[in-house]
Student: 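Could you have a look at this structure, given as structure tokens, before my questions?
For clarity, every value in this text was computed on a predicted model and none was experimentally measured.
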Amino acid sequence: QVHLEESGGGVVQAGGSLRLSCVVSGTIVSLADFEWYRQAPGKQREIVADISRGGVTTYADSAKGRFSISRDNAKNTVYLLMNSLKPEDTAIYYCRIMETSHWGQGTQVTVSS
């Protein structure tokens with residue numbers, strides 16, 4: 001059974017950094033493409049970044065220059081490094097195997113001003 005578990009969220013001041021992790025089990029991680037999404041209160045879930053099995057990355061405009069997605073297939077883990085955090089980055093962050101219904105439970109990120 002496929003399982004994704006995010007961690008690394010928390011409360012941070014504006015300008016700070018966090019690194020989110022998504023540990024994946026039940027599938028061959030090296031063959032999958034991954035996405036990070038976020039959902040702020042009262043807003044729709046939106047994509048933040050994605051990474052292909054070959055390591056090609058893309059970012060939402062809101063994340064470009066501040067966030068970095070990466071993967072470690074040996075550790076079955078996908079990361080999202082977030083720098084220069086802003087209050088508007090406050091949301092629940094989710095990882096997903098691209099084009100599937102496999103999502104993690106999310107991790108809360110709160111950025112205080």
Side-chain angles (χ1 to χ4, degrees):
Q1 185 171 353
V2 178
H3 183 73
L4 292 81
E5 184 164 350
E6 302 95 337
S7 63
V11 180
V12 63
Q13 287 189 330
S17 299
L18 284 174
R19 189 179 77 160
L20 307 183
S21 299
C22 174
V23 178
V24 184
S25 59
T27 189
I28 302 174
V29 172
S30 62
L31 299 181
D33 306 319
F34 292 92
E35 299 167 313
W36 281 98
Y37 282 78
R38 68 185 182 186
Q39 188 166 19
K43 294 188 176 181
Q44 288 189 329
R45 195 171 295 190
E46 62 178 5
I47 192 165
V48 175
D50 63 64
I51 185 166
S52 73
R53 65 201 71 182
V56 176
T57 60
T58 59
Y59 297 91
D61 287 344
S62 59
K64 286 179 182 176
R66 300 189 299 127
F67 294 4
S68 178
I69 187 172
S70 61
R71 60 192 296 158
D72 185 336
N73 293 334
K75 295 183 178 180
N76 293 338
T77 303
V78 180
Y79 302 99
L80 185 68
L81 175 62
M82 306 186 293
N83 296 317
S84 303
L85 283 162
K86 305 174 182 179
E88 52 263 44
D89 295 317
T90 295
I92 300 174
Y93 284 72
Y94 302 88
C95 64
R96 175 196 180 207
I97 301 176
M98 196 180 294
E99 297 181 350
T100 74
S101 60
H102 300 302
W103 294 81
Q105 83 290 344
T107 185
Q108 175 71 48
V109 171
T110 302
V111 184
S112 62
S113 57

Student: If hydrophobic clusters are built by linking Ile, Leu, Val, Met, Phe, Trp and Tyr wherever their side-chain heavy atoms come under 4.5 Å apart, do Val111 and Ile92 end up in the same one?
Tutor: no
Student: If hydrophobic clusters are built by linking Ile, Leu, Val, Met, Phe, Trp and Tyr wherever their side-chain heavy atoms come under 4.5 Å apart, do Val12 and Met82 end up in the same one?
Tutor: yes
Student: Could you tell me if the side chain of Leu4 sits less than 4.5 Å from the side chain of Cys95, heavy atoms only?
Tutor: yes
Student: Taking the six-membered ring for Trp, are Phe67 and Trp36 closer than 6.0 Å centroid to centroid?
Tutor: no
Student: About how many Å separate OG of Ser30 and CG of Asp72, when rounded to the nearest 0.5 Å?
Tutor: 11.5 Å
Student: Does Thr58 form a side chain to side chain donor-acceptor pair (under 3.5 Å) with Asp50? I'd like the steps, not just the answer.
Tutor: CA-CA 5 Å; Thr58 59; Asp50 63 64; 2.5 Å; yes
Student: Do Val29 and Leu20 share a hydrophobic cluster, counting only Ile, Leu, Val, Met, Phe, Trp and Tyr and linking them when any side-chain heavy atoms are less than 4.5 Å apart?
Tutor: yes
Student: Are side-chain heavy atoms of Glu99 and Asp33 found at a separation under 4.5 Å?
Tutor: no
Student: So if you build clusters from Ile, Leu, Val, Met, Phe, Trp, Tyr with side-chain heavy-atom gaps below 4.5 Å, do Val2 and Val78 land together?
Tutor: yes
Student: Find the distance between OG (Ser113) and CD (Gln13) and round it off to the nearest 0.5 Å.
Tutor: 9.5 Å
Student: Would you call Asn83 and Ser17 a side-chain contact if the rule is heavy atoms closer than 4.5 Å?
Tutor: yes
Student: Within a strict 4.5 Å, meaning less than it, do heavy atoms of the Ile69 and Tyr79 side chains meet?
Tutor: no
Student: So which atom in Gln39 and which in Lys43 form the shortest heavy-atom distance, rounded to 0.1 Å?
Tutor: NE2-O, 3.1 Å
Student: Linking I/L/V/M/F/W/Y whenever any side-chain heavy atoms sit under 4.5 Å apart, do Ile97 and Tyr37 land together?
Tutor: no
Student: To check you understand the geometry: which heavy-atom pair defines the closest contact between Arg38 and Tyr93, and what is its length?
Tutor: NH1-OH, 3.0 Å
Student: With side chains defined as the heavy atoms from C-beta onward, is the minimum distance between Asp89 and Arg66 less than 4.5 Å?
Tutor: yes
Student: Could you grab the distance from atom CZ of Phe34 to atom CE of Met98, nearest 0.5 Å is fine?
Tutor: 9.5 Å
Student: Are side-chain heavy atoms of Thr90 and Gln108 found at a separation under 4.5 Å?
Tutor: yes
Student: Taking all non-hydrogen atoms of both residues, which atom of Arg71 and which atom of Arg53 are closest, and how far apart?
Tutor: NH1-CA, 3.3 Å
Student: Whether the side chain of Glu6 engages the backbone of Gly106 through a donor-acceptor N/O pair (distance < 3.5 Å, no angle test) should be reported.
Tutor: yes
Student: Any heavy-atom pair between the side chains of Ser68 and Tyr59 that's under 4.5 Å?
Tutor: yes
Student: Of the non-hydrogen atoms in Leu80 and Ala49, which two are nearest, and what is the gap between them?
Tutor: CD1-CB, 4.4 Å
Student: Would you say that more than 12 heavy atoms from the other residues, nucleotides or ligands in this model lie under 6.0 Å from the CG of Leu31, or not?
Tutor: yes
